[in-house]
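Reviewing the structure listed below.
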Amino acid sequence: MMKSLITLALILFFIQTNAQEKEKQNINNWLLTNSVEIKKPVFSHLPNVNSDVFDDAALIKLQYVPNMDFRPSEDDLLDWSNFEKLVWKVDNSTSDGTIFLSKGKGGYQLAFLAFYIENSGFSEVEFMFKSAQMMEVFVDGEMQKGKYSFDKKDEKGELKFSMSLETNNHVVLIKSLFKSDDENKWAIQGSYSLNNENNKLSLKQGTDAHLYMDINHLMNGVDIQEAEISAAGDYYFVSYKTRTSKNEILRLTDVRTVAENKSIQLFYNDEVSQLQWSPNGNKLSYVTTVGDKSWIWEYDINEGKKYPVNTQLAGGAYFTWSPNQEYLVVSETESPKEDKTGLKQVQHMADHWPWYRSRTNLSKIDVLSGVKTPLTHGYLSNNLQDISKNGRYILFSQSIYEETGRPFSRQILFQYDNLKQELDTIWSKKGNSSVEYSPDGNSLLVSAGPSFFGDVGIATTNSKIPNEYDQQVYLYNIENQSVISLTKSFNPSVEGAHWSEYNNDWLYLLVSDRTYHYIYKYSFSVNSFELMSLKPDVINSMDFSRKKPAMLFYGSSISEPKKLYITDLDLLETRLIEYPEEYFFKDMVFGKTEDWNFTNREGVTIEGRLYYPPNFDASKKYPLIVYYYGGTSPTERDFRGRYPKNLFAANGYLVYVLQPSGATGYGQDFSAMHVNNWGKTVAAEIIDGSKKLCRTHDFIDSTSVGCIGASYGGFMTMYLTTQTDFFCAAISHAGISSISSYWGEGYWGYLYSEVASANSFPWNNKELYIDQSPLFQADKVNTPILLLHGNKDTNVPPGESRQFLTALKLLNKEVELIEIDNQDHHIVDYDKRVLWQKTILAWFDKHLKKEPDWWNKLYPKKNL
């Protein structure tokens, strides 16, 4: 019996040993540089203030290059001191994974080695290196472990460590130190093995520097935030957001010449604020803090002079130039006296906003004299809308909350005659709008919803209630009060408008056109729209010179980060002037994307697009992630985003993004489908579209389909799980489980419902508020669902996820709730957002790939 047990034990040991040896892989392909001589500093034999001497180990520990996050390719050059350059070359190891380095001249020699290891999923990898020499090992730029001793002849010291690797092509860099009197050959032996509990993943090693979208490139880099061109058109400034090595936000603003693209001024972080071009010439205005006051400065770039415009601006106040540059209009906020009773009578719906009782008032500062005079006073906020081009008139508005019927606010628009010092009321209307003067000052350009001027802007058919988020543009004649809708038959929704002073016949519109953001120009003389042929899929901003035909704009596309362009509006020539992340993304490989549309049950075309994984192989089966919003805003084709489709695809998923009915940018009939239709039609579209996609694409594994959405999309995720068992995993971030509790509790619930649930309330439309609320159908859920929620969410209160969790737990359904501490509707804290993003991927890996290792690493079982 004992003999049999020993034999069995030996067999099991043999099998286990062979399995481990089979999993172990040698490093066969290396990149390595030529060696360079390094020397100890003078007096290295003397102890420093800490009684340390500069020994051999100190040579390898030195940080010779600024960082180790570079990704070398063959023939790349590594700059060294004294104009020396190290050259990266490819070499192969011996059969046991040993690479030999060539010795150079000098007592101590340093060389760098590298290889890449690509994993198809979250992996626990063990690395092992052997060498007689000293070395340090870095993975993706981060130091992992070092060996700080030279070995005796024919000995090889071992350096071993394990680490978790997320899906990508990772670079392993080795810094190796050789001593000329070493009797051993200068060599390193390398190997690795996969230690996942579920060893389904593939690892492959090579020397190609290609890279896939990852969280680092999602969160970091240099992102354009703002760009404006001077009035004379000779200069522009561009503001960037980036991060330091400590993950602290760093904001940079670069002032550059248009012609040569030459930098002339750089501002850091809060060094200046309210940066803007003065209305004339090439003058830059901004605010600096001096003691407890804010100073307004003007920098005349042509003259190279800076001088203060005003030194008495209150902290937190905002200034706006009059177009004739004779005065400034200042907006200042006044807070109410603190109520120390601890009790508050909530006056109306908006009064539960913490900031609501603060009020904004306007003052005028004369530039020549510096005299400041108040323009407004009272218990209502006064908001500056515009200043006429000749400076005579100031346009401002007040908003009054009216709870007697939608919309729940009234806008009063005033015109102040600066010459006569008289005030006129332009209108008092239900709703809200933004307004600016025409170049001649006789008309107003108004951006508002379809119903703002009654039926003038409504284009819906069959008595449909229009979607008030579908922004329209109107022309309002001040003298006779007539109104013309410029965009009634124009499908895109307007995001911004600029009436050109250079050519008064042209109106430029930045619009949401389906899932694109385009710029159109409208001609008043021929009453027509013309799409400008510009490269980005999603243009974020446009800005114009007052005196030249120049437009500055920036934007991104599906697989391209933001770029900054300038267009000559006469010649219609566009030039790329800034691509700040070109180097950051130079090795990035993206999968292809393609449009995929279908027709819904009502015969309406529902647009969508499909993201493919890099290195897609049509002979394989891939899991699918379906992403949607489903509310009134389209899911744009922008690059990064909080739900990054490129990142999902890089992790081995096909990603289907569809634009269900109800979104703006497709015309008023399409956007009106959102009104009083919470979930029902959209859910059918998501289910039908997903099933049709799977049927028409053999490479999709229809048994591994997940869905994800946030906010209204989080509601859609919850609702979908009550309507179908088609999805194998679901994720809802900040989802709404009960429409009635969201309507009454969150900061914006009743305002959003003013549009989405027009004239419907819990007491007159129980079919909507109850039957279409996921909470009341929780017993139908059979899909594993992950609920994510910031526990300080003021838009969708965290109770929406908590009550859905409670229901599903009581029903013994598979559900997880991850609350993100001290985060609001969006997860903005860097470290928490990284973990939140990993949580999403790990949940899908667990359920769609049947790879639970990442989830178990993030959320190990606890006995609570």
Side-chain angles (χ1 to χ4, degrees), residues 21 23-38 56 59-60 64-65 68 70-78 80 85-106 108-119 125-141 143-163 165 169-194 203-210:
E21 288 177 354
E23 292 172 3
K24 177 182 172 183
Q25 301 289 327
N26 292 326
I27 311 299
N28 298 317
N29 309 109
W30 296 77
L31 285 156
L32 61 157
T33 67
N34 50 300
S35 63
V36 62
E37 182 184 6
I38 57 174
D56 290 349
L59 280 174
I60 190 72
Y64 292 95
V65 293
M68 291 289 285
F70 47 88
R71 301 176 65 85
S73 297
E74 187 172 18
D75 297 326
D76 279 357
L77 301 178
L78 180 60
W80 205 254
K85 294 183 183 295
L86 305 184
V87 184
W88 288 95
K89 292 295 182 183
V90 173
D91 200 358
N92 298 324
S93 64
T94 60
S95 59
D96 67 350
T98 300
I99 187 76
F100 293 93
L101 290 83
S102 300
K103 303 175 184 178
K105 296 179 180 179
Y108 294 94
Q109 295 158 53
L110 186 75
F112 296 89
L113 303 90
F115 64 88
Y116 294 90
I117 182 167
E118 183 174 333
N119 55 325
V125 181
E126 181 179 77
F127 292 97
M128 186 172 70
F129 301 96
K130 293 182 180 180
S131 179
Q133 285 77 41
M134 293 188 189
M135 59 181 165
E136 286 186 334
V137 183
F138 301 77
V139 180
D140 294 332
M143 167 67 173
Q144 301 299 322
K145 201 168 185 180
K147 174 181 178 291
Y148 301 112
S149 62
F150 292 112
D151 295 323
K152 297 177 181 179
K153 186 177 179 180
D154 298 328
E155 291 183 358
K156 287 183 181 179
E158 185 177 275
L159 188 154
K160 183 188 294 186
F161 62 92
S162 295
M163 65 181 303
L165 294 178
N169 187 34
H170 305 273
V171 60
V172 181
L173 288 164
I174 300 175
K175 182 169 55 172
S176 179
L177 180 68
F178 182 78
K179 193 175 182 181
S180 60
D181 59 3
D182 195 333
E183 296 181 287
N184 292 297
K185 292 181 178 181
W186 193 0
I188 294 178
Q189 181 184 24
S191 64
Y192 62 91
S193 61
L194 177 65
L203 295 177
K204 56 183 179 180
Q205 179 264 322
T207 57
D208 193 332
H210 66 270

Please check: side-chain N/O of [X] versus main-chain N/O of [Y], any donor-acceptor pairing under 3.5 Å?
X      : Y      : result
Asp76  : Trp88  : no
Gln109 : Gly104 : yes
Asn184 : Gln133 : no
Lys179 : Phe150 : no

When you compare the side chain of [Y] with that of [X], does any pair of heavy atoms fall below 4.5 Å?
X      : Y      : value
Phe161 : Val139 : yes
Leu77  : Val87  : yes
Lys156 : Gln189 : yes
Tyr148 : Asp56  : no
Ile38  : Tyr64  : yes
Met134 : Leu59  : no
Pro72  : Leu173 : yes
Met163 : Leu165 : yes

Worksheet item: What salt bridge (Lys or Arg N to Asp or Glu O under 4.0 Å) pairs are there with at least one residue in residues 87-105, not counting sequence neighbours?
Response: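 Output for this query lists Asp75-Lys89.
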Worksheet entry | Non-neighbouring partners of Asn92 that pass side chain to side chain donor-acceptor pair (under 3.5 Å), sequence neighbours left out |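 Only Asn29 meet the side chain to side chain donor-acceptor pair (under 3.5 Å) criterion with Asn92.
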Least distance between heavy atoms, [X] atom then [Y] atom:
X      : Y      : result
Thr98  : Ala187 : CG2-CB, 3.9 Å
Asn26  : Gly97  : CB-CA, 3.8 Å
Ala111 : Leu101 : CB-CD2, 3.6 Å
Ser35  : Leu86  : O-CD2, 4.5 Å

Worksheet item: Stepwise, does the side chain to side chain contact (heavy atoms under 4.5 Å, CB included) test hold for Phe129 with Lys147?
Response: CA-CA 10 Å; Phe129 301 96; Lys147 174 181 178 291; over 6 Å; no
Worksheet entry | side chain to side chain contact (heavy atoms under 4.5 Å, CB included) between Tyr108 and Leu177, intermediate numbers included | CA-CA 7 Å; Tyr108 294 94; Leu177 180 68; 4.2 Å; yes
Rounded to the nearest 0.5 Å, how far apart are [atom1] of [X] and [atom2] of [Y]?
X      : Y      : atom1 : atom2 : result
Ile174 : Leu31  : CD1   : CG    : 11.5 Å
Ile188 : Phe100 : CD1   : CZ    : 11.5 Å
Asn119 : Leu203 : CG    : CG    : 6.0 Å
Ile117 : Phe115 : CD1   : CZ    : 6.0 Å
Ile60  : Ser176 : CD1   : OG    : 6.5 Å
Gln144 : Lys160 : CD    : NZ    : 16.0 Å

Fill in: Sequence-distant partners of Asp182, salt bridge (charged side-chain N to carboxylate O under 4.0 Å, His left out), two or more places apart
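Per chain and number, Asp182 pairs via salt bridge (charged side-chain N to carboxylate O under 4.0 Å, His left out) with no residue.
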Fill in: Among Tyr192, Phe127, Trp30, Tyr116, the one residue meeting side-chain contact (heavy atoms from CB on, under 4.5 Å) with Val172
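Between Val172 and the candidates, side-chain contact (heavy atoms from CB on, under 4.5 Å) is satisfied uniquely by Phe127.
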Worksheet item: Yes or no on side chain to side chain contact (heavy atoms under 4.5 Å, CB included) for Lys24 and Met128, after CA distance, side-chain angles and deciding distance?
Response: CA-CA 10 Å; Lys24 177 182 172 183; Met128 186 172 70; 3.8 Å; yes
Worksheet entry | Residues Met143, Met68; criterion side chain to side chain contact (heavy atoms under 4.5 Å, CB included); working and verdict | CA-CA 8 Å; Met143 167 67 173; Met68 291 289 285; over 6 Å; no
